[in-house]
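Take a look at the structure below.
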Amino acid sequence: MAAAPPPRGRELRLLCLHGYGQNAERFRARTGALRKALRGRAQLLYLDAPHRLPPAEGEPEREGGAGPRGWWPESEAGPEPGEALRAVAAALAALGPVDGLLGFSQGAALAGLLCALRERGDGRFPFRFALLVAGFPVAEAAAAAGPLRVPSLHVYGEADRVIPAAESRALAERFAQPALLAHAGGHFVPAAAAQRAAYLGFLRRFEGSAEDELGPPRSPPAAPRASDSRSAASLRGCGEGPASGQAAAAAGGGKARPGDPRDTDRGSPPSAP
């Protein structure tokens, strides 16, 4: 059953799923510019992933569980998202109405899986849309029959060396009517003027009066050849890199070599809150 739209005048509420090696506090700091851009339109709610990770080389161990986290750990057998699904379901139940998901990197991969479960009628996940930044597909998400009807905006960097652009386009291909937004930068959540306009335009669809966002599925538009689901070794892509470059209006090609996500996460200072 589709979640009810927010009353007119209420801010949309987005549950934010951070990348591998981050945590809710760090992701909140890194998305300060986005929160400012969405002020009065959307409230961002940040959730810690369930798996604690060892600190990166050279970083001290933190007390109180505030260190790096992941939605699932690296595994030769591939992702095991059971704990992540339970964590998100518990958060949605505790927070009350949540309109959409905002996922980054591994968090965007998890959001894609949640969209597939929602498509199959899983009542634990009553969100209405998903905003996926630097995402990639996981095999578990392919279990849904047909294209995913959840409205989605897919944002990716042409210069992303952690999650190549082709991976994000591969995730978008699993949706019936995906909106794609490319930018010229790397592995981060962009919030320049062009991206702000795209975010606000996408979110405007879910404000005010009710509408049937989950209409009949349609085949996704033709896209460049996409790669297969990421291997277990590459599921760690989740750090943030420096926010550089201008936005590109259309999705394009571009090959990128995956880098070390822990290194890229230290590449840029946090955005202002």
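Worth saying up front: this structure is predicted, and the values here are computed from it rather than measured.
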Worksheet item: What pairs with Ser168 under side chain to side chain donor-acceptor pair (under 3.5 Å), at least two apart in sequence or on another chain?
Response: none
Practice prompt. Write down the atom of Pro50, the atom of Trp71, and the distance for their closest heavy-atom approach.
Written response: CD-CE3, 3.5 Å
Discussion item. Between Gln22 and Gln106, is there a side-chain heavy-atom distance shorter than 4.5 Å?
Written reply: no
Fill in: Minimal non-hydrogen separation, Tyr199 against Pro190, with atom names
OH-O, 2.7 Å
Practice prompt. Identify the residue among Phe129, Phe104, Phe175 that makes a ring pair (Phe, Tyr, Trp, His ring centres under 6.0 Å) with His154.
Written response: Phe175
Worksheet, complete the sentence: side-chain contact (heavy atoms from CB on, under 4.5 Å) filter on Ala89, not counting sequence neighbours, yields Arg124, Phe125
Fill in: Stepwise side-chain contact (heavy atoms from CB on, under 4.5 Å) check, Arg149 with Glu119
CA-CA 7 Å; Arg149 295 174 297 162; Glu119 186 83 14; 2.9 Å; yes
Response to the item:
Residues His183 and Val155: closest non-hydrogen pair is CD2-CG1, 4.0 Å
Fill in: For Ala108, all residues meeting side-chain contact (heavy atoms from CB on, under 4.5 Å), sequence neighbours excluded
Leu132
Worksheet item: Taking atom CG of Leu38 and atom CD of Gln43, what is their separation to the nearest 0.5 Å?
Response: 11.5 Å
Discussion item. Quick check on side-chain contact (heavy atoms from CB on, under 4.5 Å): which of Leu101, Leu44, Leu45 does Leu14 satisfy it with?
Written reply: Leu44
Discussion item. To check you understand the geometry: which heavy-atom pair defines the closest contact between Ala24 and Asp48, and what is its length?
Written reply: N-OD1, 2.8 Å
Worksheet item: Say you draw a straight line from CZ of Arg30 to NE2 of His18; how long is it, rounded to the nearest 0.5 Å?
Response: 13.5 Å
Fill in: CG-CG distance between Leu17 and Leu102, expressed to the nearest 0.5 angstrom
7.5 Å
Worksheet item: Under a 4.5 Å cut-off applied to non-hydrogen side-chain atoms, are Asp122 and Arg120 in contact?
Response: no
Worksheet entry | Main-chain N/O of Ala191 paired to Arg196 side chain as donor or acceptor, under 3.5 Å | yes
Worksheet item: With Tyr46, which residues qualify under ring pair (Phe, Tyr, Trp, His ring centres under 6.0 Å), at least two apart?
Response: Phe27
Fill in: Atom pair CG (Leu180) and OG (Ser152), whose distance is rounded to the nearest 0.5 Å
8.0 Å
Fill in: Spacing of CZ belonging to Arg86 relative to CD belonging to Glu83, to within rounding of 0.5 Å
5.5 Å
Response to the item:
By side-chain contact (heavy atoms from CB on, under 4.5 Å), Arg41 pairs with (sequence neighbours left out) Leu200, Arg204, Glu207
Practice prompt. Let me see the working for Leu15 and Phe127 under side-chain contact (heavy atoms from CB on, under 4.5 Å), right down to the final yes or no.
Written response: CA-CA 9 Å; Leu15 183 65; Phe127 56 90; over 6 Å; no
Worksheet item: Any side-chain heavy-atom pair from Cys16 and Thr31 closer than 4.5 angstrom?
Response: no
Practice prompt. First locate atom CG of Asp160, then atom CD of Glu167, and finally report the distance between them rounded to the nearest 0.5 Å.
Written response: 10.0 Å
Item to complete: List the atom of Leu53, the atom of Gly21, and the distance in Å for their closest heavy-atom pair.
Response: CD1-N, 3.7 Å
Item to complete: Give the minimum heavy-atom separation between Arg52 and Arg69, together with the two atoms involved.
Response: NE-NH2, 3.2 Å
Fill in: Full working for side-chain contact (heavy atoms from CB on, under 4.5 Å) between Leu85 and Leu110
CA-CA 8 Å; Leu85 299 179; Leu110 172 61; 4.0 Å; yes
